[in-house]
S.K.: 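To start, I am sharing the structure in question, which I have written as structure tokens.
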Amino acid sequence: MITEVAGQYNAEDLENQIRLLWEKEQTYRTVRKLRVGGKKFFFVDGPPYTTGRIHLGTAWNKVIKDSVLRYKSMNCFEVKDRAGWDMHGLPIEVKVEESFGFRNKKDIETYGVDKFIQRCKEFALRQKDDMTAQFKILGAWLDWEDPYMTLKNEYLEAAWWTLKKAHENNLLERGLRVVNWCPRCQTAIADSEVEYWDETDYSIYVKFPVLGEENTYIVIWTTTPWTIPANVAVAVNPTFQYSKVRARKDGKAEILIMASDLVESVLKIGRYQDFELLCALSAEQMQELTYSHPLGGMVPRQKDILHRVYAADFVTAENTGCVHIAPGHGLEDYELGMKHHMEIFCPVGGDGCYTAEAGAKYQGLYVKEADSEVIVDLVEQGKLLSQGRLAHRYGHCWRCKTPIIFIATSQWFLRISDLRDKMLEEVSRITWYPEWAGSARFSDWIKNARDWCISRQRYWGIPLPIWTCPACGHLEVIGTAAELEERSGQKLADLHRPDVDHIFLDCPCGGKMVRSPDVFDVWFDSAVASWATLRFPSHEEEFSEWWPADFITEGHDQTRGWFYSQLGAAMVSFGRAPYKSVLMHGFTLDDQGRKMSKSIGNIVQPEEVVQKFGADILRFYVLGANAPWEDLHFSWDAVENTSRMLNIFWNAYRFALPYMVLDKFDAGKADLSRYESNLRPEDRWILSRVNSLIEDVTKEMEVYQLHRIVRSISDFILEDLSRWYIQLVRPRTWIEQDNPDKLAAYATIYEVLVKLSKLMAPFTPFIAESIYQNLVKGLDEGAPQSVHMCQWPKADAARIDKHLEESMALVREVSMAASNARQKGGRKLRWPVSEILIAPAKETVDLGGLENVLKGQTNSKKITVLAAGEKPKMDLEIAPVHKKIGPVYKGEAKNVVEAIAAADPTEVKRQLDEGEATISFRGMEYRITADMVAIKELPSQNLPAAEFSRGFVFVDITLTPELEAEGYAREIIRRIQDMRKELDLRVEDQIRAIVDIESKPILDLALQKKEHIAGEVRAANFQLGLGLELQGKLVKDWDIEGVCVRIGIDRAV
RNA sequence: GGGCCCGUAGCUUAGCUAGGUUGAGCGCACGGCUGAUAACCGUGAGGUCACGCGUUCAAAUCGCGUCGGGCCCA
């Protein structure tokens, strides 16, 4: 049984109902089971970090994923859809630290690493549960019961296995590198974990004394005074020219060396009063210089270092053109240092404090606090040329916001840079949506790929499975838990720290091998997701059946993130890309295009949208708001709009239900094939349209043009279904008995709605399900239990009639033009008109058998299509063109203008059509050429016109008594219907009605239509007259075209 | 400073791959409809398609440059 649905579209109730249904019937499981054995579609969920709250961006992301998966499933693919969670790493450590008020690693060690790890785990699991609930509200059908979690042993093993493989491929190495270092977290952090913002730092110019030359200095500039103690060299640009100048200040002179172009600005900053150029130095000559460290006396190690000048391309023509090089504290410095075999001097420890190597004066001082100390010492040594402050972008730890420092440390690396070319080749094999995401953006990133530092000196992460022997240096990478057990004889319940730290392996040399205490960079966790989600390495079979992934989709920030980390991890282990296609989507910004942030207070929570509007609306909105790869500017107005659209869809669906219920619509009546011969042209048209829509949506879905899909569907619902087809079929649904014309209309609507619900199922799964349950399940118990178990609809080519679609488009245009013309002529649509004239400009128009549709919609008695170029008689207006008349008639011109004004436009035009016109005026005759006048055609008063794409539409609004009678009848009908509504009567209820019209002529007109009126309003008892006594439950006075009409109605007994 | 993307009506946007009269929705003004009805429809006003130069018969669309925004890098 189809049931009527009450009231407005209420997303909240509807979605709750459907959720209950899905839960009760285990619909998700059933759908997935149904497709087992189908063609495989391997999707990998980019795991969100377990922060506890989803935001609009993650909601959008999951909605895209869900829509694609539902679509693939309807296309009979067996989809792999494990949800994923990224659960390790500093963000969680930091949260747990905060909750205990820890300040540094020592606090953690004191508290106990085992307990700390336990807290982190609990925290991550709780956050995961919270977020799962939030994602479920969106209707995202992923496997939430069995997600992959980066903290599970089987996941840890996938990372271990990968590293072992990288080691076997000779791509793992340990080395001293300068890394971004967070002195609070006391760990290396990845480039991607560095957050930049402006910070005010010192800006100092320092004089390095040149050896062997009295009172002579190389001038350098830096914003990090604390790196001066670690200075080893100076770099100059090989293409620059340098100058040696004698500069004077306060009566004292000194000799300074710097880039020639920068002499003046440097001396100005140093407040020198004047200077003289002594000589120019080439970059080569610069490289012959040596100097002594400006704080040499305070940093003992500096005594043994030979300070030289080297050439480097990265030196720019800024500041002094001489760059302070501290290979222990800078990336470029380090690289230059390695190239020239400098000492990698790094007198700073992991806590950001100077070590003993920095000398007694500095030892134990925190570097950022040492800045002022160093400056004071430079001043005392007479080595400071200038000091100032400077606001510049500086990197910070993205979790604890501490300014990062660069220090040289021993870390584990994957030699990604060796694989660049291979990676580029792989990228070109992947299908990217949009294309440039791969060919331009990602390729560009890979061209700059550096070796990947995978080690972190933290606790909550996947332990590095690397054991080394302190005695002989032997190294071993363990690939699985089983392997570890075999090698150590110990079985671990949990592979995390600290238990794994207590496992020692026997070294062939007889020594005991110790685990490298580090954990993995958390990016490495998600990097192995595509095989970890298949439970590789423990389940090799699943891996060989599914891998690599068919599809992944994430935001454009993941270019350097997950797109890259996955590729890197797959390259070092499998030597190929782990995914075949990528849809890169945008970011969610606020309506002004700004980032959503707590500080601006412009954050929109997905739940807020769901609460106010519903999940389907949020989904449809984010999918359709713009192209997936562009940033989404969230707008409440636009959400509201989407809501209105779905509400119209709901009303369109609801419209037919009462009639279907009344008429006991059943499976037999729903069978469209029974009514082939009864289909009206408009029925065939909407069926053609819905099949065209299926074709379009399918085509766009194959290339993930999600926004176009939403727009096609919306357009269909609004334009074709609601604004047009339903208006057309309304009269047919009122017919009281079973007649094939009515049933054909029902069957058509039914067909269209069922097709639509399937077509919308991937995008608005709730409303689609609700409609399906009523329309399909309501009639056929044997139908699939959910719309999501149905097959994706196929376009029926036999139903598509492009010619008919074009004709209908034309009819719609004409109809709109006709209402426009009516408006101009002041004739309401309720009043019939005798004739509509279509005047095509060039080629004639073919209404394709839709004349009756046009008549109905324009409320007209007759449609006439004129021949191309033909027009009904129109009023002409003729205006003089002064520019042309003036030069010809000179002084006479004024009279000519008057003559034209007085002339009969029709006559002038007739003559001009044949050549020239002659106008007589005050006894004179004027010869007029066509260019002297502008002739405008004006529709005559009773024949207003409006333009459409192919010409003009005229509406003959001349009234006849018959038309007037009909008009008044409709006015009266409308009022009575209004009153019926007010009494809340049912469609099929009969009434008694009394209508009193105070004007005799109008009454006479109305009387002609008495039977008709009574029929339309279902009045069993109907009185129409003048001076009648009004009775009934509801009595109202109305004003119809200035005439008072009093109506009383009551329900008939 | 570099790479990629974006800039169209007051707001949100379509069109750009493949050059041929910029099209919607919201908001505003006016009108209409009324057995989908706290719904719906029409009309109107509102655009130097960010700016400049070039290619072309023709540029929102292609190329170059500038400005502004986003993501990423340095």
Side-chain angles (χ1 to χ4, degrees), chain A residues 5 7-9 191-192 194 196 314 316 318 331-332 393 395 434-445 447-450 555-561 564 584 586-589 591-595 621 624-627 629-642 644-645 647-659 703 705 707-708 711 714-715 718-719 721-724 726-727 730-731 733-734 815-824 826-831 857 859 946 949 970 973-978 980-982 985-989 1016-1018:
Chain A
V5 293
Q8 297 289 299
Y9 170 49
D191 290 340
S192 51
V194 178
Y196 291 87
F314 60 76
T316 57
E318 287 168 306
L331 219 64
E332 287 169 325
R393 275 163 63 78
E435 192 273 336
W436 51 258
S439 66
R441 210 180 168 126
F442 195 49
S443 297
D444 181 63
W445 169 254
K447 280 175 198 148
N448 298 315
R450 293 209 302 252
H556 45 51
D557 55 328
Q558 296 302 330
T559 303
R560 66 162 191 184
Y564 177 67
M584 184 186 81
F587 256 49
T588 46
L589 309 173
D591 55 2
Q592 289 165 59
R594 298 173 306 180
K595 226 173 165 167
Y621 166 67
N626 46 17
W629 51 87
E630 270 165 27
D631 291 344
L632 187 148
H633 295 200
F634 182 85
S635 142
W636 282 107
D637 275 357
V639 175
E640 169 108 45
N641 220 19
T642 307
R644 202 163 307 161
M645 185 258 132
N647 188 38
I648 292 173
F649 175 48
W650 184 254
N651 281 337
Y653 153 63
R654 203 157 65 100
F655 155 78
L657 296 178
Y659 308 108
V703 288
Q705 298 269 336
H707 62 310
R708 296 201 200 204
R711 278 168 189 157
S714 302
D715 278 357
L718 292 176
E719 295 296 333
L721 185 60
S722 166
R723 288 178 195 165
W724 201 243
I726 288 195
Q727 305 311 321
R730 269 164 117 155
T733 60
W734 305 336
S815 173
M816 273 178 213
S819 359
N820 191 356
R822 270 176 176 273
Q823 202 169 332
K824 287 180 187 165
R827 182 73 75 239
K828 295 192 255 188
L829 186 56
R830 210 178 292 143
W831 290 66
Q857 289 315 105
N859 193 15
S949 69
R970 280 187 69 165
I973 291 166
R974 218 234 88 199
R975 264 81 176 176
I976 298 176
Q977 301 289 30
D978 206 68
R980 282 185 64 115
K981 200 94 215 165
E982 204 172 319
L985 299 182
R986 295 184 54 82
V987 170
E988 63 273 23
D989 287 339
E1016 286 290 306
V1017 302
R1018 296 190 195 225

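All values reported here derive from a predicted model rather than from experimental measurement. Quick note on labels: first sequence line is chain A, next is B, and so on, each numbered from 1. Hydrogens, waters and symmetry mates play no part in the numbers below; they use all other heavy atoms, side chains included.
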S.K.: Please name all residues satisfying side-chain contact (heavy atoms from CB on, under 4.5 Å) with D637(A), sequence neighbours left out, ordered by chain then number.
M.R.: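 Only S635(A) meet the side-chain contact (heavy atoms from CB on, under 4.5 Å) criterion with D637(A).
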S.K.: Among residues at least two apart in sequence or on other chains, which ones pass side-chain contact (heavy atoms from CB on, under 4.5 Å) with M645(A)?
M.R.: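 For M645(A) the side-chain contact (heavy atoms from CB on, under 4.5 Å) partners, ignoring immediate neighbours, are F620(A), F649(A), S714(A), I717(A), L718(A).
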S.K.: Name the closest nucleotide to the N626(A) side chain, picking from U12(B), A14(B), U37(B).
M.R.: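 Looking only at side-chain atoms, N626(A) lies closest to A14(B).
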S.K.: Identify whether any heavy atom of D637(A) sits under 4.0 Å from a base atom; if not, whether one sits that close to sugar-phosphate; answer base, sugar-phosphate or nothing.
M.R.: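 Counting heavy atoms under 4.0 Å across all strands, the contact made by D637(A) is with sugar-phosphate only.
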S.K.: Any side-chain to backbone donor/acceptor pair from S443(A) onto G438(A)? Under 3.5 Å, distance only.
M.R.: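 Yes, S443(A) side chain to G438(A) backbone: donor-acceptor pair under 3.5 Å.
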S.K.: Listed by chain and number, what are the salt bridge (charged side-chain N to carboxylate O under 4.0 Å, His left out) partners of K828(A), not counting sequence neighbours?
M.R.: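 By the salt bridge (charged side-chain N to carboxylate O under 4.0 Å, His left out) rule, K828(A) matches E971(A), E1041(A).
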S.K.: What protein N or O atoms touch nucleotides 29-33 of chain B N or O atoms at under 3.5 angstrom, if any, and at what distances?
M.R.:
residue : atom : partner : partner atom : Å
C33(B)  : OP1  : R830(A) : N            : 3.4
C33(B)  : OP2  : R830(A) : NH2          : 3.0

S.K.: Can you tell if the side chain of Y9(A) reaches within under 4.5 Å of the side chain of R654(A), non-hydrogen atoms only?
M.R.: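 A side-chain contact is absent here, since even the closest heavy-atom pair is not under 4.5 Å.
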S.K.: Considering only atom C1', compute the distance from A14(B) to G31(B) and round it to an integer number of Å.
M.R.: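 About 28 Å, rounded to a whole number of Å.
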S.K.: Tell me the closest heavy-atom pair linking L829(A) and Q857(A), and the distance in Å.
M.R.: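 The pair with the smallest heavy-atom distance is CD1-O, 3.9 Å.
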S.K.: What integer distance in Å separates R980(A):CZ from U37(B):P?
M.R.: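 It works out to 14 Å between those atoms.
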S.K.: First locate atom CG of N651(A), then atom CZ of R644(A), and finally report the distance between them rounded to the nearest 0.5 Å.
M.R.: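 It comes to 12.5 Å.
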S.K.: With C1' as the reference atom in both, quote the distance from C16(B) to G7(B) in angstrom, rounded to an integer.
M.R.: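 That atom pair is separated by 13 Å.
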S.K.: Can you tell me, in whole Å, how much space there is between the P of G42(B) and that of C26(B)?
M.R.: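 Those two atoms are separated by 10 Å.
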S.K.: Going by ring-ring contact (aromatic ring centres under 6.0 Å, His included), name the residues that satisfy it together with Y621(A), two or more places apart in sequence or in a different chain.
M.R.: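 By the ring-ring contact (aromatic ring centres under 6.0 Å, His included) rule, Y621(A) matches F634(A).
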S.K.: Pick the C1' atom in G19(B) and in U56(B), then give their distance to the nearest Å.
M.R.: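 About 9 Å, rounded to a whole number of Å.
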S.K.: Atom CZ of F634(A) and atom P of C11(B): how far apart are they, to the nearest Å?
M.R.: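 About 18 Å, once rounded to whole Å.
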S.K.: What are the atom names and distances for every N/O pair under 3.5 Å that joins the protein to nucleotides 61-63 of chain B?
M.R.:
none

S.K.: Which heavy-atom pair separates R450(A) from Y564(A) by the least distance, and what is that distance?
M.R.: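 Result for this residue pair: O-OH, 3.9 Å.
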S.K.: Rounded to the nearest angstrom, tell me the gap between atom CD1 in I726(A) and atom P in U34(B).
M.R.: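 Atom-to-atom, I726(A) to U34(B), this comes out as 17 Å.
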S.K.: Which residues pass the salt bridge (charged side-chain N to carboxylate O under 4.0 Å, His left out) test with R711(A), not counting sequence neighbours?
M.R.: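 Once residues adjacent in sequence are excluded, R711(A) has no partner under the salt bridge (charged side-chain N to carboxylate O under 4.0 Å, His left out) criterion.
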S.K.: What's the gap between C51(B) and A9(B) when it is taken at their P atoms, as a whole Å value?
M.R.: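 Pairwise P distance, C51(B) against A9(B), rounds to 10 Å.
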S.K.: Using atom C1' of each nucleotide, how far apart are G47(B) and U55(B) to the nearest Å?
M.R.: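 Comparing C1' positions in G47(B) and U55(B) gives a spacing of 25 Å.
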S.K.: Suppose you measure atom P in U22(B) against the same atom in G27(B); what distance do you get, rounded to whole Å?
M.R.: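 About 27 Å, rounded to a whole number of Å.
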S.K.: With nearest nucleotides of RNA chain B determined for A652(A) and R711(A) from heavy-atom distances, which residue corresponds to the more 5′ nucleotide?
M.R.: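 In this pair, the answer is R711(A).
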S.K.: Without decimals, in angstroms, what is the distance between E332(A) CD and A74(B) P?
M.R.: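 Those two atoms, CD and P, are 10 Å apart.
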S.K.: Output the pairing pattern of RNA chain B as a dot-bracket string, 5' first, Watson-Crick or G-U wobble with both distances under 3.5 Å, | for cross-strand pairs, [ ] for crossing pairs.
M.R.: (((((((..((((......[..)))).(((((.......))))).....(((((..]....)))))))))))).
S.K.: Are any of H633(A)'s side-chain N or O atoms less than 4.0 Å away from OP1 or OP2 of U13(B)?
M.R.: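 Yes.
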S.K.: Could you give the distance from CZ (F587(A)) to NE2 (H556(A)), rounded to the nearest 0.5 Å?
M.R.: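 F587(A) atom CZ to H556(A) atom NE2 measures 6.0 Å (nearest 0.5 Å).
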S.K.: In this structure, is the centre-to-centre distance between the rings of F442(A) and W445(A) below 6.0 Å?
M.R.: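 For W445(A) and F442(A), the ring centres are not under 6.0 Å apart.
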S.K.: Rounded to whole angstrom, note down the C1' distance from G44(B) over to A39(B).
M.R.: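 Per the computed distance, 23 Å lies between those C1' atoms.
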S.K.: Counting heavy atoms from C-beta on, name the nucleotide in U13(B), C16(B), C71(B) closest to the side chain of R708(A).
M.R.: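 Closest nucleotide to the R708(A) side chain: C16(B).
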S.K.: Need one value for E1016(A): base, sugar-phosphate or nothing, where a base atom within 4.0 Å counts as base even if backbone is also close, heavy atoms only.
M.R.: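 Here E1016(A) touches the bases of the nucleic acid.
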S.K.: Reading nucleotides 1-7 of chain B 5' to 3', which nucleotides get B (base under 4.0 Å from a protein heavy atom), which S (sugar-phosphate only), which -?
M.R.: --BBSS-
S.K.: Roughly how far, to the nearest 0.5 Å, is CG of L632(A) from NE2 of H707(A)?
M.R.: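 Separation between the atoms: 12.0 Å.
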S.K.: For the side chain of S819(A), counting heavy atoms from C-beta on, which of G70(B), G42(B), A14(B) is nearest?
M.R.: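 Per side-chain heavy atoms of S819(A), the pick is G42(B).
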S.K.: Just to verify, what does Q705(A) make a side-chain hydrogen bond (donor to acceptor under 3.5 Å, both in side chains) with, not counting sequence neighbours?
M.R.: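 Once residues adjacent in sequence are excluded, the partners of Q705(A) under the side-chain hydrogen bond (donor to acceptor under 3.5 Å, both in side chains) criterion are R708(A).
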S.K.: The criterion is side-chain contact (heavy atoms from CB on, under 4.5 Å); which residues satisfy it with E1016(A), sequence neighbours excluded?
M.R.: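 Counting only residues at least two positions away or on another chain, E1016(A) forms a side-chain contact (heavy atoms from CB on, under 4.5 Å) with W734(A), I973(A), H1012(A).
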S.K.: Taking the side chain from R980(A) and the backbone from D989(A), do they hold a donor-acceptor pair closer than 3.5 Å?
M.R.: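 Indeed, once roles are kept as given, a pair shorter than 3.5 Å links the two residues.
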S.K.: What does the list of N/O pairs under 3.5 Å between the protein and nucleotides 38-41 of chain B look like, with a distance for each?
M.R.:
residue : atom : partner : partner atom : Å
A39(B)  : O2'  : N651(A) : ND2          : 2.8
C41(B)  : OP1  : R723(A) : NE           : 2.3
C41(B)  : OP1  : R723(A) : NH2          : 2.5

S.K.: For R450(A) and C72(B), give me the distance from atom CZ to atom C1', rounded to whole Å.
M.R.: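 That distance rounds to 14 Å.
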S.K.: Toward the 5' end of RNA chain B, which comes first, Q705(A) or A638(A), by nearest nucleotide?
M.R.: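 In this pair, the answer is A638(A).
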